[in-house]
Number of protein chains: 2
Amino acid sequence: MQDILFDFISKYVSLTEEEKNAIVSLDIFRSVKKGTTLLKEGQKSKESYFVLKGCIRTYYVLDGEEKTTAFYTEMEALTPPCVISKTPSEYYVSCIEDNILLVSNSDMEVEVNAKFPKFDIMCKTLSEELLAKERMDFDEFKTSSPEQRYLNLLQKRPDLIQRVPQHQLASYLGIQPQSLSRLRARIVEKSKE
Amino acid sequence: MQDILFDFISKYVSLTEEEKNAIVSLDIFRSVKKGTTLLKEGQKSKESYFVLKGCIRTYYVLDGEEKTTAFYTEMEALTPPCVISKTPSEYYVSCIEDNILLVSNSDMEVEVNAKFPKFDIMCKTLSEELLAKERMDFDEFKTSSPEQRYLNLLQKRPDLIQRVPQHQLASYLGIQPQSLSRLRARIVEKSKE
DNA sequence: TTCGTTTCTTAACTTAAGTGAACGATTCTA
DNA sequence: TAGAATCGTTCACTTAAGTTAAGAAACGAA
């Protein structure tokens, strides 16, 4: 399981055995059961998550309704905004499946970075990449209709549609569950013609 | 004008006079006329922009239509995704107003960072912050209606509504120009009641 | 200044999303 | 296992956005 992490890191920097051992000795691998809430609205947190196996989601509760805005699966990392801004969280983070996560603490990162400056470089590269990706995703969302967004998702992350409940997918697409149902029926209808 | 830049940088790291001089000597300040296109679709580029004065926008051309997805004004920075991914740009970047920009080149940054490691730290912090902000903006977009988005913009960036053409604002809000007109009329109508 | 283009608004019509309700099917839990 | 809650779908109705078209206003270039 650690190999997944080191494969990932190797895309950014190359690690010595010593460095790998240092990471392993931090004891940051954690198994988390489906349904577990990792972060609640109003909480403060210093934790970032890297998904080795499973799927986590972020959601807001607005007018008593859950609004799911993102999913993180294998090889994806989440640092909640509240960790960066050091303010109480505006959203929840919870586990859609049984997960194996890498949980890091921002205090710990300071230490690790002091020891291995390489890590700062990796974090910089990684967040620049993630920012570019996030902007492209946002642009794509803005410039397409709910139906196009669903078809896009079908192309780009077909696994999500299988492993995630429909009503969570719906808010991820920016619509109501009923609209997603209808839209799917419409697509099937079109494909019959 | 340089002071704006150093004020900005001072929020992340403190610079010595030597370091400030090194930056000034890079000669990266540039005046750019309204209407200038800084980046075209299909082009490769290594340039990032920091707006000291003015406003730039990013837009796609889809089916012959311009789709504006972002505006960058004073104290905001843009590194186009194509600079990160090293692939041809998917969008255009152009100047809405006469601008004073700081234009940096990714090759140059490597040099500067080698000389002043401080810069890597700043870039890391900055992109982490921007990523967190981008995600929150995206979340807000997903969870609100076009009308709510417009009202939000009115709160958060009222200047944009003044300085940017309506049809560009419309696609920024993810709707057609006619819908923005109608929506504005609707809001005025409501406020009369 | 004038002509042409772009921009903004309005209107009528079409299409799709929001809403509220109902109904099985599935899942959870006591 | 029985009962309750959740989930996905469908329907009818409402509301708002997309589309097409037209006209007025603002802007730019010759």
Side-chain angles (χ1 to χ4, degrees), chain A residues 33-37 55 57 59 61-68 71 92 94-98 141-154 160-190 192-193, chain B residues 33-37 55 57 59 61-68 71 92 94-98 141-154 160-190 192-193:
Chain A
K33 278 259 172 297
K34 176 176 176 174
T36 308
T37 297
C55 180
R57 67 187 253 258
Y59 64 97
V61 175
L62 306 174
D63 305 319
E65 293 264 302
E66 282 189 13
K67 301 281 182 181
T68 299
F71 302 102
Y92 296 77
S94 81
C95 299
I96 291 190
E97 304 172 354
D98 287 345
F141 192 95
K142 270 186 189 170
T143 56
S144 54
S145 66
E147 186 171 326
Q148 288 174 308
R149 277 176 223 151
Y150 177 77
L151 292 170
N152 263 323
L153 196 64
L154 213 52
L160 270 193
I161 294 171
Q162 299 308 318
R163 63 207 286 197
V164 163
Q166 296 290 323
H167 66 283
Q168 290 174 12
L169 264 187
S171 50
Y172 180 68
L173 294 170
I175 57 177
Q176 298 299 316
Q178 298 93 319
S179 299
L180 178 54
S181 264
R182 177 167 44 197
L183 173 162
R184 282 156 57 93
R186 199 165 61 218
I187 290 170
V188 170
E189 210 46 46
K190 280 184 193 166
K192 279 187 191 166
E193 290 170 11
Chain B
K33 278 257 173 300
K34 177 177 174 174
T36 308
T37 298
C55 180
R57 67 187 253 258
Y59 65 96
V61 175
L62 306 174
D63 306 320
E65 294 264 301
E66 283 188 14
K67 301 282 181 179
T68 299
F71 301 101
Y92 295 78
S94 81
C95 299
I96 291 189
E97 305 173 352
D98 288 346
F141 191 94
K142 271 186 188 168
T143 57
S144 55
S145 67
E147 187 171 324
Q148 287 173 309
R149 279 175 221 150
Y150 177 78
L151 292 171
N152 262 323
L153 195 65
L154 213 53
L160 270 193
I161 292 170
Q162 299 308 319
R163 65 207 285 198
V164 163
Q166 297 289 325
H167 66 285
Q168 291 173 13
L169 264 187
S171 49
Y172 180 68
L173 295 170
I175 57 176
Q176 299 298 317
Q178 298 92 320
S179 298
L180 178 54
S181 263
R182 178 167 42 198
L183 173 163
R184 281 156 56 93
R186 198 165 61 219
I187 290 169
V188 171
E189 210 46 45
K190 279 183 192 167
K192 279 185 190 165
E193 290 167 12

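Bear in mind that the values here come from a model prediction, so they are computed numbers and not experimental data. All chains are named by letter (A, B, ...) in the order of the sequence lines, taking the proteins before the strands, and each is independently numbered beginning at 1.
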Asker: CD of A/Gln166 versus C1' of D/dT6: gap in Å, rounded?
Answerer: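 Value for this atom pair: 14 Å.
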
Asker: Starting from P on C/dT9, measure out to CD on B/Glu189 and report it in whole angstrom.
Answerer: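 For the pair B/Glu189 CD and C/dT9 P, the rounded distance is 15 Å.
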
Asker: Starting from P on C/dG18, measure out to CD1 on B/Ile175 and report it in whole angstrom.
Answerer: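 B/Ile175 atom CD1 is separated from C/dG18 atom P by 14 Å.
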
Asker: To check you understand the geometry: which heavy-atom pair defines the closest contact between B/Gly174 and B/Arg149, and what is its length?
Answerer: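 Where B/Gly174 meets B/Arg149 most closely, the heavy atoms are CA-NH1, 4.5 Å.
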
Asker: If you check the B/Gln176 side chain, which of D/dG18, D/dG8, C/dT19 turns out closest?
Answerer: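 For the B/Gln176 side chain, the nearest candidate turns out to be D/dG18.
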
Asker: Please report, rounded to the nearest Å, how far the P atom of C/dC8 is from the CD atom of B/Glu66.
Answerer: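 My rounded result for the distance is 12 Å.
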
Asker: Taking the side chain as everything from C-beta on, heavy atoms only, tell me whether B/Phe71 gets closer than 4.5 Å to B/Leu169.
Answerer: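 Heavy-atom side-chain distance check passes, below 4.5 Å.
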
Asker: Grab the two heavy atoms, one from A/Lys142 and one from B/Ser171, that are nearest each other, plus how far apart they are.
Answerer: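 Smallest heavy-atom distance, with atoms named: CD-O, 4.2 Å.
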
Asker: Measuring to OP1 and OP2 of D/dG18, would you say a side-chain N or O of B/Ser179 lies under 4.0 angstrom away?
Answerer: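 The answer is yes; a side-chain N or O of B/Ser179 sits under 4.0 Å from OP1 or OP2.
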
Asker: Less than 4.5 Å apart, any side-chain heavy atom of B/Gln178 and any of B/Ser181?
Answerer: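 Answer no - side chains too far apart.
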
Asker: Base, sugar-phosphate, or nothing: which does A/Arg182 touch, judged by heavy atoms less than 4.0 Å apart?
Answerer: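 Since a base atom lies under 4.0 Å of A/Arg182, the category is base.
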
Asker: Between B/Arg186 and A/Ala185, which has a closest nucleotide on DNA chain D that is more 5'?
Answerer: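 Its nucleotide being nearer the 5' end, the pick is A/Ala185.
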
Asker: Just compare D/dT9, D/dG8, C/dA17 and give me whichever is closest to any side-chain atom of A/His167.
Answerer: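 Closest nucleotide to the A/His167 side chain: D/dG8.
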
